[in-house]
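Read through the structure below, which is laid out as C-alpha cells, and then see the notes.
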Amino acid sequence: MTNEISSVFNSTHFPNPTLISVNGVELEVFEAGKENAGKPIVLCHGFPEHAFSWRHQVSALVAAGYHVIIPNQRGYGNSSSPTEVTEYDIAHLTGDLVALLDYFGYEDATFVGHDWGANVVWNLALLHPKRVNKIINLALPYQERGEQPWIELMEAIFGGDFYFVHFNRQAGVADAIMNENTAQFLRNIFRKNVPPTPPEPGMLMINLARAENPPGEPLMEDNELSVFVSAFESSGFTGSINWYRNLDRNWHLMADVPPIIHQPTLMIYGEQDTIPKSENLKNIVPNLDIVSLDCGHWIQQEKPEEATQSILKWLEQQNA
C-alpha cells in the first residue's frame, strides 16, 4: 500500500486492515470502534467497490456506539480470490459473513449492504436468519426469484450484450479489457449526476473501460479513487465478476428457501439510480422502512452526510 493511499485512509479516519482467516479464505477486514464491543455493525460493499466505499460512515457509526466491521469480500482487495467460479456462490459469500461473526464472537449483527453487498445481506437473512438482527440495504432491493434462472431470463429480456449475460456467456472477455484499462474503467464508472440517456450498443462495462469522455461528474477525488485503482490493479476483476457467474447457481441454491425476511429493515434508494425500486418489497420484508435520496447509484459516497444520517436516525428509532 503506497504512502499516498495510507494517508487517504488516515485522513478519512479509515482504519488499517487485518487479514482474517474465515470459511477457507482470508478476508481483508477494516475494523473501528473496538471499544464498542457487543454492538457490531457489518458493512458490505458492492461491485466494483472496496471496503473504502464506506469511509464516510465509519466515524459517525463509532461515535454512535457501534463496533464497525468492514470486510473486503472474497475476490476484492487483498482478500482471497479462489480460482473456482463456484466458490463465489451465495452459500460461500454468506458463509464468509457468518464465519466473520464467529471470529469476533458475535451471535448476530446489524448488516448494511450496497449493490451486490445488499444482495448478499438479503440472502444472509434468509439462509442464516438468527445471525442478522437488523438490515440496512442501499440501491438494490430484494430480487424476487422467478420461474426462469436469472441469466436465461436476462438474456431473453435484455439480450446477449447485457453485462450480466456477457459475463456468463463470454467468460474472460470483459475481465481482460477491464484489467487492461483499470484506472479508466473505475474513473468512468464512479460518476455522479449522469444524465439519463438511451443505452449504447455493446456491453456496458467494456464501453466504460474504453470511454474517453464519460458523462456526468467524478464521484470522488483522485486520491480516493487511487485506493480503488490500486486494489483492482493488484486483484484484477475476475474474482468480483465471478459473483455474477453464480447467479443461476444461486437461483437453484435458493429454490427451497421461503422468501420472507422478518428482520427490521431500512431500504435506501437513489432517485436517479437505474436500478428500479421494488413495488413488492413490503410483501417480502413486512417490517420495512424506505428512504429515497436525490442521487444515483453510489448512494453512501454520493450523498455521504444524508446517507449516514438516514442510517443513524433509523438505528436510533429501532434501538429506542
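Just the heavy atoms: all of them, side chains too, but no hydrogens, waters or symmetry mates, feed the values below.
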- prompt: Could you go step by step and tell me if L97 and L93 meet the side-chain contact (heavy atoms from CB on, under 4.5 Å) rule?
  reply: CA-CA 7 Å; L97 297 180; L93 297 177; over 6 Å; no
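- Checking side-chain atoms of N242 against main-chain N and O of R245 turns up no donor-acceptor pair under 3.5 Å.
- Electrostatic pairing of R131 and D102 counts as a salt bridge here, judged by a charged N lying under 4.0 Å from a carboxylate O.
- Looking at residues two or more places apart in sequence or on another chain, you find a side chain to side chain contact (heavy atoms under 4.5 Å, CB included) between N133 and D108, T110.
- Of the residues listed (H56, H114, R55), the one engaging Q301 in a side-chain hydrogen bond (donor to acceptor under 3.5 Å, both in side chains) is R55, and it is the only one.
- Contact detail for L312 and A60: the closest heavy-atom pair is CD1-CB, 3.9 Å.
- In the displayed structure, K282 atom NZ is contacted under 6.0 Å by more than 12 heavy atoms of other residues, nucleotides or ligands.
- Hydrophobic clustering of Ile, Leu, Val, Met, Phe, Trp and Tyr side chains at less than 4.5 Å, counting indirect connections, unites I90 with L153.
- Of the possible polar contacts, none joining the N188 side chain to the P214 backbone as a donor-acceptor pair under 3.5 Å is found.
- Among all heavy-atom pairs drawn from G236 and N179, the shortest one is CA-OD1, 3.4 Å.
- Remark: the Q143 side chain and the N119 side chain contain no N/O donor-acceptor pair separated by less than 3.5 Å.
- Within a 6.0 Å radius of CD in E316, other residues, nucleotides and ligands contribute 12 heavy atoms or fewer.
- V98 and L126 fall within the same hydrophobic cluster, where Ile, Leu, Val, Met, Phe, Trp and Tyr residues are linked whenever their side-chain heavy atoms come under 4.5 Å apart, directly or through other members.
- The shortest side-chain heavy-atom distance between W251 and E152 does not fall under the 4.5 Å cut-off.
- Taking both residues in full, the closest heavy atoms of Y106 and G38 are given as OH-N, 2.9 Å, listed atom of the first, atom of the second, then distance.
- Using a 4.5 Å heavy-atom threshold, the side chains of Y269 and S278 count as touching.
- With hydrogens and angles left out, the side-chain atoms of Q263 and N287 include no donor and acceptor closer than 3.5 Å.
- Atom CD of E35 has more than 12 neighbouring heavy atoms from other residues, nucleotides or ligands inside a 6.0 Å radius.
- Of the possible polar contacts, none joining the S79 side chain to the G75 backbone as a donor-acceptor pair under 3.5 Å is found.
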message: Determine whether L219 and E224 satisfy the following criterion, side-chain contact (heavy atoms from CB on, under 4.5 Å), listing intermediate values before the conclusion.
response: CA-CA 10 Å; L219 177 70; E224 294 176 304; over 6 Å; no
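- Under a 3.5 Å cut-off, the side chain of S234 and the backbone N or O of S230 do not form any donor-acceptor pair.
- In this structure, M178 and I241 have side chains that are in contact, with non-hydrogen atoms separated by less than 4.5 Å.
- Note: M220 CE to K192 NZ = 10.5 Å, rounded to the nearest 0.5 Å.
- Hydrophobic clustering (ILVMFWY, side-chain heavy atoms < 4.5 Å, transitive): I260 and I135 are in distinct clusters.
- Here M154 contributes atom CE and Q148 contributes atom CD; the two are 11.5 Å apart, rounded to the nearest 0.5 Å.
- At distances below 3.5 Å, not a single donor-acceptor pair connects side-chain atoms of Y88 with backbone N or O atoms of S240.
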field: Evaluation steps, side-chain contact (heavy atoms from CB on, under 4.5 Å), between L127 and V257
entry: CA-CA 8 Å; L127 291 169; V257 181; 4.0 Å; yes
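- Between atom CG of residue N168 and atom CG of residue N246 there is a gap of 8.5 Å, rounded to the nearest 0.5 Å.
- Using a 4.5 Å cut-off on side-chain heavy atoms (C-beta onward), D96 and P71 make no contact.
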query: Is there a side chain to side chain donor-acceptor pair (under 3.5 Å) between D175 and T238 once you walk through the steps?
result: CA-CA 6 Å; D175 317 28; T238 298; 2.9 Å; yes
Using distance only, find each side-chain donor-acceptor pair of residues 195-213 under 3.5 Å and give its atom names and separation, not counting sequence neighbours.
from : atom 1 : to   : atom 2 : distance (Å)
E200 : OE1    : N207 : ND2    : 3.3
N207 : ND2    : P201 : O      : 3.1

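- Ring-plane geometry between F162 and F164 is classed as parallel, the angle between the planes falling under 30 degrees on a 0 to 90 degree scale with a further cut at 60.
- Not one N or O on the side chain of W150 forms a donor-acceptor pair closer than 3.5 Å with the backbone of R249.
- Under the 4.5 Å side-chain heavy-atom criterion for Ile, Leu, Val, Met, Phe, Trp and Tyr, V165 and V85 are members of distinct hydrophobic clusters.
- Only one option out of Y76, W54, F30 pairs with H45 in a ring pair (Phe, Tyr, Trp, His ring centres under 6.0 Å); it is Y76.
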message: For a side chain to side chain donor-acceptor pair (under 3.5 Å) check, start with the C-alpha distance between E233 and T182, then their side-chain angles and the critical distance, and finish with the verdict.
response: CA-CA 6 Å; E233 283 178 344; T182 298; 5.5 Å; no
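- One distance of note links CD1 of I20 with OH of Y103; it measures 4.5 Å at 0.5 Å rounding.
- Checking side-chain atoms of N36 against main-chain N and O of V62 turns up a donor-acceptor pair under 3.5 Å.
- Side-chain contact between S292 and K277 is present, with heavy atoms from C-beta onward closer than 4.5 Å.
- Every side chain to side chain contact (heavy atoms under 4.5 Å, CB included) that A118 has, sequence neighbours left out, goes to W122, N137, L140.
- Judged by distance alone, the side chain of E28 and the main-chain N or O of N78 form a donor-acceptor pair under 3.5 Å.
- The shortest side-chain heavy-atom distance between H166 and Q170 falls under the 4.5 Å cut-off.
- Side-chain N or O atoms of S53 include none that pairs as donor or acceptor with a backbone N or O of E49 at under 3.5 Å.
- By the rule that hydrophobic residues join a cluster once side-chain heavy atoms approach within less than 4.5 Å of another member, L293 and V194 end up as members of separate clusters.
- The minimum heavy-atom distance linking N72 with L27 is given by the pair O-CD2, 3.7 Å.
- Smallest separation of non-hydrogen atoms from R145 and A255: NH2-CB, 3.3 Å.
- Between R169 and E155, some side-chain heavy-atom pair lies under the 4.5 Å cut-off.
- Here the CD atom belonging to Q300 is positioned 11.5 Å from the CD1 atom belonging to I136, to the nearest 0.5 angstrom.
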message: Between H67 and E31, is the side-chain contact (heavy atoms from CB on, under 4.5 Å) condition met? List the steps.
response: CA-CA 8 Å; H67 178 194; E31 184 188 357; 2.8 Å; yes
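- Using a 4.5 Å cut-off on side-chain heavy atoms (C-beta onward), V42 and I70 make no contact.
- Of the possible polar contacts, one joining the S80 side chain to the E26 backbone as a donor-acceptor pair under 3.5 Å is found.
- Considering CG of L43 and CD1 of I69, their distance stands at 9.0 Å, rounded to 0.5 Å.
- D115 approaches A139 most closely through the heavy-atom pair N-CB, 4.3 Å.
- Classification of the F185-F47 ring pair by plane angle, with boundaries at 30° and 60°, yields tilted.
- Between F237 and F232, the ring planes lie parallel to each other; the angle is under 30°, not in the 30° to 60° tilted range.
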